[in-house]
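Each remark here refers to the structure printed beneath this line.
Per chain, numbering begins at 1; letters A, B, ... match sequence-line order.
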There are 2 protein chains.
Amino acid sequence: MHGISLDRYDLAILSVLQKNSALTNSELGERVSLSPSQCSRRKARLEAEGVIKGYSARLDASRLGFGLRAITRVNLKAHGESMDDDFVTLLTKHAMVREAYSVSGDADYVLHVIAKDLTEFSDFIHHHLLPHPNVTQVRSEIILRSMKEEQGLPVSGG
Amino acid sequence: MHGISLDRYDLAILSVLQKNSALTNSELGERVSLSPSQCSRRKARLEAEGVIKGYSARLDASRLGFGLRAITRVNLKAHGESMDDDFVTLLTKHAMVREAYSVSGDADYVLHVIAKDLTEFSDFIHHHLLPHPNVTQVRSEIILRSMKEEQGLPVSGG
DNA sequence: CAAATAGCGCACAGCTTGTGCGCAACTGGA
DNA sequence: TCCAGTTGCGCACAAGCTGTGCGCTATTTG
């Protein structure tokens with residue numbers, strides 16, 4: 001969390017790699033004006049320091065049959081630590097829940113849910129979320145169109 | 001969007017690669033019970049077909065100084081195509097807006113906003129979002145804790 | 001001002017990738 | 001039933017990539 005300082009080369013490398021991590025060290029080196037060997041060393045260091053958490057393939061959701069996405073806000077009844085635990089288990093268990101955040105505001109939890117279609121989504125809400133003893137309210141916004149979906153973080157180095 | 005059929009090997013490869021795309025074809029082959037050469041070929045095909053959209057490094061947000069995240073819902077005044085365009089430009093322009101969706105429900109847009117701290121977030125809301133002529137209402141939930149943050153999609157092959 | 005340190009590119013050994021090839025297992029038509 | 005065509009497999013190998021030892025330079029430190 002601290003003791004790590006990133007220079008402009010590190011930031012440039014991070015910026016490039018979060019857009020395309022399949023580049024060779026030569027290609028990466030061209031983009032950030034560094035030799036392949038230094039790119040290799042810096043990459044290894046950033047991984048060891050935990051700044052780079054890992055590498056992922058980005059998949060096309062619609063080609064894999066996920067046509068429906070929604071932002072769902074959930075309110076809970078009680079707020080004891082152990083009370084929430086059971087609800088969190090529910091979220092963790094279901095692959096349809098892609099993201100789950102506990103939030104401060106009108107709602108207690110905000111979820112990003114993905115489903116094959118409206119039927120599957122509705123089934124999840126009515127058969128899994130609403131029947132949970134702690135859930136008092138569920139409000140959803142169905143995603144119509146994605147205007148922006150950045151893969152990474154705004155790294156200033158490039 | 002159609003004409004693509006994925007067998008169990010493809011699904012297994014996708015499932016593994018979205019968790020860790022830095023694996024060699026040998027390592028990938030061990031996990032999905034296939035030779036390195038076939039992994040290479042299938043990977044290339046999945047890329048060409050667009051099922052794999054690309055490869056990214058996952059970065060640690062907090063180590064890069066992004067301590068605050070929020071889900072922000074926005075309501076607009078008018079709903080002509082060209083009216084929205086101006087607002088969408090605003091979203092696209094700001095690196096703080098990581099995700100932006102037009103939605104059906106109580107709100108018109110849902111944003112995933114990232115900021116250094118509460119001050120920077122507040123500045124964005126009050127100096128950029130609210131002053132926009134089309135914006136009528138802005139409601140935010142500050143993310144306290146992330147319970148789940150899946151990188152990819154629920155691929156059944158693994 | 002000298003010693004220590006940090007960071008660079010070069011070179012090279014070892015590993016990885018992607019393709020040609022031959023083989024086996026399915027598919028479909030006569 | 002049988003056989004030609006097709007598909008998908010692993011092996012082998014050439015080309016290319018990765019990561020480390022090394023010597024060098026620039027900056028920091030006492």
Phosphate OP1/OP2 of D:dT18: any A:Asn25 side-chain N/O under 4.0 Å: yes
Euclidean distance, A:Ser140 OG relative to A:Leu129 CG, rounded to 0.5 Å: 8.0 Å
Donor + acceptor pair across side chains of A:Lys93, A:Thr89 (<3.5 Å): no
Flag, side chain of A:Glu120 to backbone of A:Lys116, donor-acceptor distance under 3.5 Å: yes
Spacing of A:Leu23 atom CG relative to D:dG16 atom C1', expressed in whole Å: 15 Å
NZ/NE/NH1/NH2 to OD/OE distance under 4.0 Å, B:Arg42 and B:Asp7: yes
salt_bridge(B:Glu149, B:Arg58) N-O dist < 4.0 Å: no
Donor-acceptor contact present, side-chain B:Thr92 to main-chain B:Val88, <3.5 Å: yes
Heavy-atom side-chain proximity of A:Arg63 to B:Leu6 below 4.5 angstrom: no
Of residues 28-41 of chain A, the positions that come close to DNA chain C - non-hydrogen atoms, cut-off under 4.0 Å: A:Leu34, A:Ser35, A:Ser37, A:Gln38, A:Arg41
Check ion pair B:Arg145-A:Asp84 (N to O, under 4.0 angstrom): no
A:Lys43 NZ - D:dT18 P separation (whole Å): 7 Å
Sugar-phosphate or base contact per nucleotide [nucleotides 23-29 of chain D; S, B, -; heavy atom under 4.0 Å]: -------
Distance, rounded to the nearest Å, where A:Asp10 contributes CG and C:dC8 contributes C1': 14 Å
Side-chain heavy-atom pair B:Met147, A:Ser102 within 4.5 angstrom cut-off: yes
Rounded interatomic separation in angstrom, taking CZ from A:Arg45 and C1' from D:dT20: 16 Å
Side chain of B:Arg42 (C-beta onward), nearest among C:dC8, D:dT18, D:dG8: D:dG8
Pairwise side-chain contact, B:His128 with B:Met96, heavy-atom cut-off 4.5 Å (strictly under): no
Length of the CG-C1' vector between B:Leu17 and C:dT17, whole Å: 14 Å
Angle between terminal axes - the helix from C:dC1-D:dG30 to C:dA30-D:dT1, 5 pairs each end, rounded to 10°: 40°
Positive for side chain to side chain contact (heavy atoms under 4.5 Å, CB included) with A:Arg139, one of A:Thr72, A:Val74, A:Asn75, A:Ile71: A:Asn75
Integer-rounded Å distance: C:dA6 C1' and A:Asp7 CG: 11 Å
